[in-house]
Number of protein chains: 2
Amino acid sequence: MEDLSHKTIHKEKIRTAIVEAARQLLEKEGWENVSIRKIAERIGYSLPMVYTHFENKEAIQKEFVKQGFNLLTDHIVTQTALETEPAQQLIALSAAYFDFSFSHACYYRLMFGLGIPSCQQVNEIGEIKRFTSTIFEVLRKLVPAATDERIFLKFHTLWSVLHGLASISMVNMTGAADTLQKQVLLDAVKGFIKNIND
Amino acid sequence: MEDLSHKTIHKEKIRTAIVEAARQLLEKEGWENVSIRKIAERIGYSLPMVYTHFENKEAIQKEFVKQGFNLLTDHIVTQTALETEPAQQLIALSAAYFDFSFSHACYYRLMFGLGIPSCQQVNEIGEIKRFTSTIFEVLRKLVPAATDERIFLKFHTLWSVLHGLASISMVNMTGAADTLQKQVLLDAVKGFIKNIND
DNA sequence: TAATTTTGCTAACAGTGTTAACCACAACCA
DNA sequence: TGGTTGTGGTTAACACTGTTAGCAAAATTA
């Protein structure tokens, strides 16, 4: 039993080493330049060792999607908690989302990369549900009387606005447009709040 | 002279054959499954022939980004022209944008694929300018008194909303959520219009 | 000690983007 | 006409990629 524990601990160590190596590569050169060989070299094992811990490269990506959503949700939770007024909370939430998309751009790209078949994955990843229900709660406080269906609609709209702004900003990166982007963010979110009851 | 014309015509023929072959592959299997070898095979020439017409694979992608923006802008222009009232034009514009993102999903993915380094490209592609100024004009009619700077802000916001909705819909593709998505679109755009003067 | 499982490796397959070296053929010049 | 120069097009290779089959050595069990 104790021995088995040793084994599993060792296994777990390698697994986290793989993830850590992949994370370093991801942040240094982007996902398209992360290769199984580079990971193997970095953890000091041979290539197939990686495959004993992850079925394929997509499985590693999935790991980062999970991590990413957890990081994002955590960030949103802490930032939202700093405000008390629901509308202000929503603004804080939006700012946090936007913030994350920049400070963890490589995560964000992986989470929403349209080129990658995230389509199927999404429905089966619990971490995303935590994210959505976090936003749900904030919206619920803002419109307590609304039906779930309505809140879902509003949630969908808000997420679209936030993601759209984040990704357009990423593509359009003129570098100095920081203040403009924050203006756009405020503009959009305030519009959203103003219209929350229609 | 005539001979030279023949030559250039031949060259042009091959070039368009390459683009057409790539387009077929793109729509059948997605960009990640488009390979230079497959293109070469499809046009009946050897592999390096492709490289005499396109510097690398990214150059072919760029071609599609241009094509995509032209298709999108054309679609927007024709759909917008069907309305006379500015606010209705904006709604038609938005619907057209959303429509395009679905009917030409593979183009759209290529145009905004975050995983691909579109970042640098954007600033040097004239086709995008046509797109932005088309939207500008519609917004201009809606708020004739506004400054260019303000319209730019509003344009940015609108684009974010549209792109966000389009890409979230793509990732979240439950298949049947079509009516919901159109609701979200209307919800967001109407909110946008309502707030256009703030 | 002998048998067996586990652990990790080397080597290969099939595919990718990209490029260097070459070949045959047409056009030009002597 | 014979030799040279360009050019359209090729084959073959390089350096990668994800992924897997097969094998050797080490550790565990009987």
Side-chain angles (χ1 to χ4, degrees), chain A residues 1-19 21-22 24-26 28-65 110 113 115-118 120-121, chain B residues 1-19 21-22 24-26 28-65 110 113 115-118 120-121:
Chain A
M1 283 294 131
E2 236 260 315
D3 205 307
L4 206 148
S5 166
H6 269 322
K7 267 189 197 170
T8 52
I9 282 175
H10 183 224
K11 271 209 154 194
E12 200 52 44
K13 258 189 178 173
I14 294 184
R15 205 195 124 94
T16 55
I18 291 173
V19 174
Q24 285 175 14
L25 288 167
L26 169 65
K28 206 177 64 173
E29 333 184 43
W31 181 247
E32 65 277 6
N33 288 330
V34 176
S35 82
I36 313 283
R37 277 173 179 79
K38 286 183 194 165
I39 293 174
E41 192 191 19
R42 245 187 164 76
I43 64 170
Y45 281 96
S46 73
L47 204 156
M49 191 82 269
V50 180
Y51 282 91
T52 65
H53 291 85
F54 291 93
E55 195 186 349
N56 49 33
K57 201 185 174 184
E58 205 179 320
I60 302 179
Q61 186 197 328
K62 199 169 176 174
E63 177 72 27
F64 284 115
V65 172
L110 221 52
I116 302 155
S118 310
Q120 313 98 317
Q121 300 183 2
Chain B
M1 284 297 128
E2 238 259 317
D3 204 304
L4 204 148
S5 167
H6 270 320
K7 268 189 199 172
T8 52
I9 282 175
H10 183 223
K11 272 209 155 197
E12 200 53 42
K13 258 190 179 174
I14 294 184
R15 204 195 123 95
T16 56
I18 290 174
V19 174
Q24 284 175 14
L25 289 167
L26 169 66
K28 206 178 63 171
E29 335 185 41
W31 180 248
E32 66 276 6
N33 288 331
V34 176
S35 81
I36 313 284
R37 277 173 180 81
K38 286 182 193 164
I39 294 174
E41 191 191 20
R42 244 186 166 78
I43 64 170
Y45 281 96
S46 72
L47 203 156
M49 191 82 271
V50 180
Y51 281 91
T52 63
H53 292 84
F54 291 92
E55 195 188 349
N56 48 32
K57 202 186 174 184
E58 206 179 320
I60 302 179
Q61 186 196 327
K62 198 168 178 173
E63 178 72 28
F64 284 114
V65 172
L110 221 54
I116 303 154
S118 309
Q120 314 97 317
Q121 300 184 3

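By convention in this document, chain letters (A, B, ...) are assigned in the order of the sequence lines, proteins followed by strands, and residues within each chain are numbered from 1. Basis for what follows: all heavy atoms, side chains included, without hydrogens, waters or symmetry-related copies.
Salt-bridge annotation for Glu55(A) and Lys62(A): absent, with no side-chain N of the basic residue lying under 4.0 Å from a carboxylate O of the acidic one.
Pairing each heavy atom of Lys11(A) with each of His53(A), the nearest pair is O-NE2, 3.4 Å. Contact detail for Leu110(A) and Phe64(A): the closest heavy-atom pair is CD2-CB, 3.6 Å. Taking all atoms of both residues into account, the shortest heavy-atom contact from Val34(B) to Lys57(B) is O-NZ, 2.7 Å. When every heavy atom of Trp31(A) is checked against every heavy atom of Ile60(A), the shortest pair comes out as CH2-CG2, 4.0 Å. For Ile43(A) against Ala21(A), the heavy-atom pair with the smallest separation is CG2-CB, 3.9 Å.
Of the residues in residues 33-42 of chain B, those placing a heavy atom less than 4.0 Å from an atom of DNA chain D are Arg37(B), in numerical order. Residues of residues 43-54 of chain B having a heavy atom closer than 4.0 Å to DNA chain D, listed by number: Tyr45(B), Ser46(B), Pro48(B), Met49(B).
Note: CG (Asn56(B)) to P (dC16(D)) measures 18 Å, nearest angstrom. For Lys11(A) and dT7(C), the NZ to C1' distance is 10 Å, given to the nearest whole Å. Rounded to a whole Å, the NE2 atom of His10(A) is 16 Å from the P atom of dT6(C). Per the geometry, CD1 belonging to Ile18(A) stands 13 Å off C1' belonging to dG8(C), to the nearest Å. Taking atom CD on Glu55(B) and atom C1' on dT19(C), their separation rounds to 13 Å, with Å as the unit. In this structure, Glu58(A) atom CD and dG18(D) atom C1' are separated by 12 Å, rounded to whole Å. Rounded to whole Å, atom P of dT16(C) lies 10 Å from atom CG of Leu25(B). What separates NZ of Lys57(A) from C1' of dT20(D) is a distance of 17 Å, to the nearest Å.
The side-chain heavy atoms of Tyr45(B) and Val50(B), taken from C-beta on, include no pair separated by under 4.5 Å. Counting only heavy atoms from C-beta outward, the side chains of Asn33(A) and Leu25(A) never approach each other to under 4.5 Å.
With hydrogens and angles disregarded, no donor-acceptor distance shorter than 3.5 Å links the side chain of Lys38(A) to the backbone of Ala22(A).
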